[in-house]
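As the structure lists them, so they are numbered: ligands from 1, and atoms in each ligand from 1. Along the sequence shown, residues are numbered consecutively beginning with 1. These numbers were taken from a predicted model, which means no experiment stands behind them.
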Amino acid sequence: MSFNHKKKFGQNFLTNQNDVLSRIMEVAKVNPDEAILEIGPGEGALTELLLNAGKKVICVEIDRDLEKILMRKFGDNPKFQLIMKDVLTLDFEEEIKEKVKVVANIPYYITSPIINKLIENKEYVQDIFIMVQKEVAERVCAKNGKERSVLTLSVEYFGEANYLFTIPKEFFTPPPKVDSAFMSINLFKENPFENKVEEQEFFKYVKMAFSNKRKNILNNLSGLGINKTDLKELLEKNGFSGNMRAEEFSINDFIKLILLLKGR
Ligand code: SAM
């Protein structure tokens, strides 16, 4: 009997058309000494390949209806571990306990919360290889241009994101509305930004700079109580302009600006 896919859990399963699963394995480069975390194994299409390649595969799945299917397929494999729960409530310290490489076709309805959760637990997360909506991958990996957002900067502050390849919607069952992309996030071992501007401070400015997409940086940052005339002068003196939008600022521009504002 075929599985009844649930829209509410973002269940678009991969079929191995055009070798998409092998391509994932090729770029994720799973070593026999690596522990893998797979978020949302579904019916286990990717899990099987991960089990063959890695030391151990910890799967986190929310849908109880998939538990039996997964246990029937992989229950006898000592490398397989299944945690039945919402990944957003996963306690890495209690339940993961080791460094993992994340390789997953994640549920798209919680893409940002999942990325943020993985970053928050960077102590346990080495590298991240995930499939997301194509537009989201483009936004996260945008080095410049209007696709940049708070999410882009959140990732840039902690690591390096790369767009790897596109997967057309027809490669899934059922096909989603949009195409997908496979991307990686390599979290920094030594964070080059953290000792310049503290995390909380960085996000306070970044969030305010992006708070109104139609407004320029001058108007948005004045929301932090900074005098507009002073701010305009400071921007212009340092190679920026008050008319620039937040998306035109690279992470290094943001760091420079924050340091200038703090040093006034
Ligand atoms: N990896 C499978 C594949 O590629 O065929 C399935 C991918 S499907 C896009 C997303 C999977 O995540 C589904 O199995 C779904 O049940 C599961 N899921 C949805 N929400 C979840 C959550 N909050 N925590 C853990 N798993 C979740």
[X] heavy atoms, cut-off 4.0 Å: which ligand 1 atoms fall inside?
X	value
L14	3 (C), 4 (O), 5 (O)
V60	25 (C), 26 (N)
I106	9 (C)
N12	7 (C), 8 (S), 9 (C)
K85	24 (N), 25 (C)
Q11	13 (C), 15 (C), 16 (O)

Sorted by chain and number, sequence neighbours left out, side chain to side chain contact (heavy atoms under 4.5 Å, CB included) with K196 holds for I255
With sequence neighbours left out, the residues meeting side chain to side chain contact (heavy atoms under 4.5 Å, CB included) with R23 are F165
R148 side chain vs A142 backbone, donor-acceptor pair below 3.5 Å:
yes
Where M131 and I106 come nearest, the two heavy atoms and their spacing
O-CG1, 3.3 Å
For a quick test of reading the model, state the closest non-hydrogen atom pair linking K99 to K122 and the distance between them.
NZ-O, 3.6 Å
Just checking F3 against F13, ring centres under 6.0 Å apart?
yes
Among all protein non-hydrogen atoms, which one is nearest to atom 24 (N) of ligand 1, and what is the separation to 0.1 Å?
V87 N, 2.9 Å
Write out the residue and atom name of the closest protein heavy atom to atom 2 (C) of ligand 1, then the distance separating them to 0.1 Å.
P41 O, 3.3 Å
Based purely on interatomic distance, does [X] place a nitrogen or oxygen under 3.5 Å from a nitrogen or oxygen of ligand 1?
X	result
G42	yes
D86	yes
D63	no

Would Y157 and F202 count as a ring pair (Phe, Tyr, Trp, His ring centres under 6.0 Å) here? Give the steps.
CA-CA 9 Å; Y157 185 82; F202 177 78; 4.5 Å; yes
Which bit of L66 gets closer than 4.0 Å to ligand 1, counting heavy atoms only: side chain, backbone, both or neither?
side chain
Candidates F13, F9, Y108; heavy atom nearest atom 19 (C) of ligand 1 found on F9
From the candidates G44, G10, G40, the one that places a heavy atom nearest atom 6 (C) of ligand 1
G40
Pairing of K262 and E201 as salt bridge, 4.0 angstrom limit
yes
The test is side-chain hydrogen bond (donor to acceptor under 3.5 Å, both in side chains); show your working for Y163 and S184 and say whether it passes.
CA-CA 7 Å; Y163 188 105; S184 61; over 6 Å; no
Decide whether the shortest distance between a heavy atom of E38 and an atom of ligand 1 is less than 4.0 Å.
yes
So for Y109, does at least one of its heavy atoms come nearer than 4.0 angstrom to any atom of ligand 1?
yes
